[in-house]
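One structure coming up, written as structure tokens, with questions to follow.
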There are 2 protein chains.
Amino acid sequence: MVSIMLTAAGFHVLLALASGSGHGYAVMRFVEEVSGGAVRLGPGTLYRTINRLVADGLVEESYEGDPEAPHDARRRYYKLTVAGERAARDEAQLMARMVTAAREAGLIA
Amino acid sequence: MVSIMLTAAGFHVLLALASGSGHGYAVMRFVEEVSGGAVRLGPGTLYRTINRLVADGLVEESYEGDPEAPHDARRRYYKLTVAGERAARDEAQLMARMVTAAREAGLIA
DNA sequence: TGGGCTATATCCACCGTGGATATAACCATT
DNA sequence: AATGGTTATATCCACGGTGGATATAGCCCA
């Protein structure tokens with residue numbers, strides 16, 4: 001399959017980062033929350049996916065942590081690159097088409 | 001990752017079948033069309049995915065072909081089972097949540 | 001100072017994917 | 001009736017992503 005170059009896990013990570021979840025563990029919780037618990041990214045998939053996204057130039061490490069949060073030396077912060085934003089947008093638009101098709105098929109309201 | 005038990009390819013096939021594409025090749029064209037060419041299911045992924053869905057009880061072979069179409073001995077027709085419809089609906093709803101989240105994040109309009 | 005949660009990282013076996021290859025039936029044209 | 005392009009299904013292999021366990025360690029509260 002082709003889509004763009006994103007796996008499902010990759011899209012979830014990009015969406016979480018776009019939604020303001022700055023570091024890995026926050027991404028994990030975001031994905032679980034936004035999916036109502038249906039999607040869970042285990043640590044293996046999570047950190048490997050982040051590293052792949054960094055290698056692909058869709059995500060970059062950010063050395064400015066969340067100013068609201070208390071300092072936590074363990075955390076590594078990430079943000080979308082321009083290419084990452086574009087990839088996330090493309091994939092979201094593709095998904096929106098799928099949802100529309102599902103509506104037209106009478107699968108959902 | 002968990003979602004339900006569907007891979008991306010699996011969902012595309014279920015959606016195509018729910019939309020009235022009765023046989024494998026029609027599924028392939030539907031997926032390509034509905035995605036604007038962004039998603040392509042090669043024959044390998046396509047037929048293997050169908051067989052897996054049959055084995056999982058989400059799809060069953062239907063021996064009543066499309067009455068509109070001219071007879072074609074090569075075609076094998078398929079339709080969703082009740083479980084397949086439920087799985088497709090669950091996945092579509094999950095996708096709708098992701099699209100909503102993407103809107104809230106300002107990724108798409 | 002002990003325990004539970006937060007946070008990141010790596011490893012392995014398994015499974016799905018992509019793409020090539022093969023086969024053959026269908027249909028229009030010559 | 002032969003040709004060629006499209007439709008249609010099927011199988012194979014190497015590759016890469018996934019899931020889940022395991023490890024390590026910093027954080028925070030009692």
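No experiment lies behind these values; they were computed from the predicted model shown. Sequence lines set the chain letters: A, B, ... in the order given, protein chains first and strands last, and positions in each chain run from 1.
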Integer-rounded Å distance: D:dT6 P and B:Y25 OH:
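Spelled out: OH on B:Y25 to P on D:dT6 is 9 Å.
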Looking at C:dG16, D:dT18, C:dT10, which one has an atom nearest to any side-chain atom of B:R52?
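Among the listed nucleotides, the one closest to the side chain of B:R52 is C:dG16.
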Whichever of B:G44 and A:A26 has its nearest DNA chain C nucleotide further upstream toward 5'
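That would be A:A26.
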Of all the heavy-atom pairs spanning A:V34 and B:A101, show the shortest one and how long it is.
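Heavy atoms only, the tightest pair is CG2-CB, 3.7 Å.
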d(CG, B:L46; C1', C:dG19) in whole Å:
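Roughly 14 Å, once rounded to whole Å.
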Using modelled atom types only, decide if a donor and an acceptor are shared between the side chain of A:T45 and the backbone of A:L41 within a distance under 3.5 Å.
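No, A:T45 side chain to A:L41 backbone: no donor-acceptor pair under 3.5 Å.
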Measuring to OP1 and OP2 of D:dG16, would you say a side-chain N or O of A:R48 lies under 4.0 angstrom away?
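No, no such contact exists.
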Atom CG of B:L41 to atom P of D:dA10: distance rounded to whole Å?
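Spelled out: CG on B:L41 to P on D:dA10 is 15 Å.
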What nucleotide among D:dC27, C:dA9, D:dT9 has an atom nearest to a side-chain atom of A:P43?
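Comparing D:dC27, C:dA9, D:dT9 against the side chain of A:P43, the answer is C:dA9.
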Ignoring backbone atoms, establish whether A:T7 has a side-chain N or O less than 4.0 Å from OP1 or OP2 of D:dT18.
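True: A:T7 side-chain N/O within range (under 4.0 Å) of D:dT18 OP1/OP2.
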Look at A:T45 and D:dG17 and indicate whether a side-chain polar atom (N or O) is within less than 4.0 Å of OP1 or OP2.
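Answer is no, no contact under 4.0 Å.
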Selected nucleotide, minimal atom distance to A:Y78 side chain, candidates D:dT9, D:dT18, C:dA9
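Within the option list, the nearest is C:dA9.
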Specify the separation, in whole Å, of atom OH of A:Y77 and atom C1' of C:dT8.
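Distance, rounded to whole Å: 13 Å.
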How many Å lie between CD1 on A:I50 and P on C:dA9, as a whole number?
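About 8 Å, once rounded to whole Å.
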Measure the distance from CZ on B:R75 to C1' on C:dC27 and round it to the nearest whole Å.
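Checked: the CZ to C1' distance equals 12 Å.
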With a 4.0 Å cut-off on heavy atoms, is B:G24 in touch with a base, just the backbone sugar-phosphate, or nothing at all?
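Sugar-phosphate, backbone atoms only, no base.
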Please enumerate all residues that pass side-chain hydrogen bond (donor to acceptor under 3.5 Å, both in side chains) together with B:R103, with sequence neighbours excluded.
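So B:R103 forms no side-chain hydrogen bond (donor to acceptor under 3.5 Å, both in side chains) with any residue.
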Once you round it to whole Å, what is the distance between P of C:dC5 and CG of A:D72?
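For the pair A:D72 CG and C:dC5 P, the rounded distance is 16 Å.
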Would you mind telling me which of D:dC28, C:dA25, D:dA10 lies closest to the side-chain atoms of A:P70?
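Closest nucleotide among those given: D:dC28.
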Just the rounded figure in Å: distance from C1' of C:dG19 to CE of B:M28.
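Between C1' of C:dG19 and CE of B:M28: 13 Å.
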Residue list, side chain to side chain contact (heavy atoms under 4.5 Å, CB included) with A:A105, at least two apart or on another chain
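A:A105: side chain to side chain contact (heavy atoms under 4.5 Å, CB included) contacts with B:A18, B:S19.
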Judged by atom type as modelled, is there a donor-acceptor pair below 3.5 Å linking the side chain of A:T49 to the main-chain atoms of A:G10?
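Flag not set: sc A:T49 to bb A:G10 has no pair under 3.5 Å.
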OP1 or OP2 of D:dA10 under 4.0 Å from side-chain N/O of B:Y47:
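B:Y47 to D:dA10 OP1/OP2: no side-chain N or O under 4.0 Å.
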